[in-house]
Number of protein chains: 2
Amino acid sequence: MEEKSISDIIEKYLKSILADDEKVEIRRAEIANHFDVVPSQINYVIKTRFTLQNGYLVQSKRGGGGYIRIERVNLIDDVDVLDMLINTIGQSLTENDAFTIVQTLYAEKVISQREGDLMLAALSKETLSVSARQDADRLRARVLVAFLNRLRYES
Amino acid sequence: MEEKSISDIIEKYLKSILADDEKVEIRRAEIANHFDVVPSQINYVIKTRFTLQNGYLVQSKRGGGGYIRIERVNLIDDVDVLDMLINTIGQSLTENDAFTIVQTLYAEKVISQREGDLMLAALSKETLSVSARQDADRLRARVLVAFLNRLRYES
DNA sequence: AAGATTAAGGTCAATATTAGTCAGAGATGG
DNA sequence: CCATCTCTGACTAATATTGACCTTAATCTT
């Protein structure tokens, strides 16, 4: 909960904008300068905190007049986005990535906290580590996709 | 009840904070330094005194701005139904038996219908049939036990 | 129009900063 | 003396930060 690292602070700043608007467009160097970090740290923040699994789409353009645009998307209601997410999950999924996705579902009020906790219980390393880690990751992908499809048909 | 060991003292310190607040967030090295012990002893204290059975949830993050967070949770009153069901399950569980147990949970009002549907999505033959049927049955037992254990408390 | 220059953002690997694990040494109580 | 609890430190793992080098796009020069 505490924002201890600069990355956390930048994340919070961007999300505070995204709380009001559905998307935000930044100039990387500007943000980097404002928070006194190297520009590539902005990429790090985006890569670790604004993934599709987190519920965000990111587009960018280089060269003169370049930008980075972050857009909040709805994982379940938007069929295309959900398909993209399932596609991203693919055949294998780590515990961390699963955790991120469930958190996003909760943040978007798609599921209750209790439902999320139950999902995480099923997706946890401890529960699924019945064999090799790779098997567990494959299984985790299947279980989470099953959850997502279940949610899809309800909404 | 004298506090003989440093571990006891650290435990008491953390619990005195948790008496006021629902959760406490520490930096491991800081606490270790304050009580003049090696950092890993903090892990020892947490592992032996802040277990889920004792009513505590622990989360942590490594790297810059890392932390350890301890949260008090409420253990639910009647774990009788859960214990009984866990005993019934054992090492292996068919889809039909899983279905029956989830129905029982719903009938006993331990879970909502939606929660039951999500559970069944994870427990279904289709989701778990990643290998031989016997492996799937074993896995199903683990997943359902994980669900039941998660229902023991509320955060 | 072609090439040069400028103005963005992207990638990756090295380093820094935390916390986690585990085996064994040390202490304590029966 | 044995069992169990406590404590330590070497090694591991995860996350954050930085900077050198790369790619892309727009604009300027000729």
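In what follows, chains are A, B, ... by sequence order, proteins preceding strands, each numbered from 1. Values below: all heavy atoms of this structure, side chains included; hydrogens, waters and symmetry mates excluded. A quick note: this is a predicted structure, and the numbers were derived from the prediction, not measured.
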What string of B, S and - do you get for nucleotides 20-26 of chain C 5' to 3' if you count protein non-hydrogen atoms under 4.0 Å?
-> BB-----
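Of the two residues near DNA chain D, A:T48 and A:G65, the one whose nearest nucleotide lies more 5' is A:T48.
Heavy atoms of A:G66 sit under 4.0 angstrom from primed sugar atoms or phosphate atoms, though from no base atom. A:I6 comes within 4.0 angstrom of the backbone, heavy atoms only, and of no base.
For the OP1/OP2 pair of D:dT6 and a distance below 4.0 Å, the side-chain nitrogens and oxygens of B:R49 include at least one atom meeting the criterion. Checking the phosphate oxygens (OP1, OP2) of D:dC7, no side-chain nitrogen or oxygen of B:Y44 falls inside 4.0 Å.
Rounded to an integer number of Å, the gap from A:Q41 CD to D:dA20 C1' is 16 Å. The distance between atom CD of A:E11 and atom C1' of D:dA16, rounded to the nearest whole Å, is 13 Å. Put simply, CG on B:D8 is 18 Å from P on D:dT4, counting in whole angstrom units. Rounded to whole Å, the distance from CZ on A:F35 to P on D:dT18 is 14 Å. Across the protein-nucleic acid pair, B:N33 atom CG and D:dG9 atom P stand 14 Å apart, rounded to whole Å.
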Could you go through residues 13-22 of chain B and list every donor-acceptor pair under 3.5 Å that involves a side-chain atom there, pairing it with any protein atom two or more places apart or in another chain?
| from | atom 1 | to | atom 2 | distance (Å) |
| --- | --- | --- | --- | --- |
| B:K15 | NZ | B:E11 | OE2 | 3.0 |
| B:S16 | OG | B:Y13 | O | 2.6 |

Please tabulate, one pair per line, all N/O donor-acceptor pairs under 3.5 Å involving side-chain atoms of residues 100-107 of chain B, not counting sequence neighbours.
| from | atom 1 | to | atom 2 | distance (Å) |
| --- | --- | --- | --- | --- |
| B:T100 | OG1 | B:N96 | O | 3.1 |
| B:T104 | OG1 | B:T100 | O | 3.0 |

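With a 6.0 Å radius and a threshold of 12 heavy atoms from other residues, nucleotides or ligands, B:N87 has its CG atom above the threshold. Heavy-atom neighbours of B:F99 CZ from other residues, nucleotides or ligands within 6.0 Å: at or below the threshold of 12.
A donor and an acceptor atom, one from each side chain of A:S5 and A:D8, are located under 3.5 Å apart.
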Given side-chain hydrogen bond (donor to acceptor under 3.5 Å, both in side chains), test A:Q41 with A:S7 step by step and report yes or no.
-> CA-CA 8 Å; A:Q41 180 148 9; A:S7 290; 2.9 Å; yes
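Side chain of B:S5, nearest nucleotide from D:dC7, D:dA16, C:dA19: D:dC7.
The one candidate from B:L139, B:I89, B:I86 that meets the side-chain contact (heavy atoms from CB on, under 4.5 Å) condition with B:L144 is B:I89.
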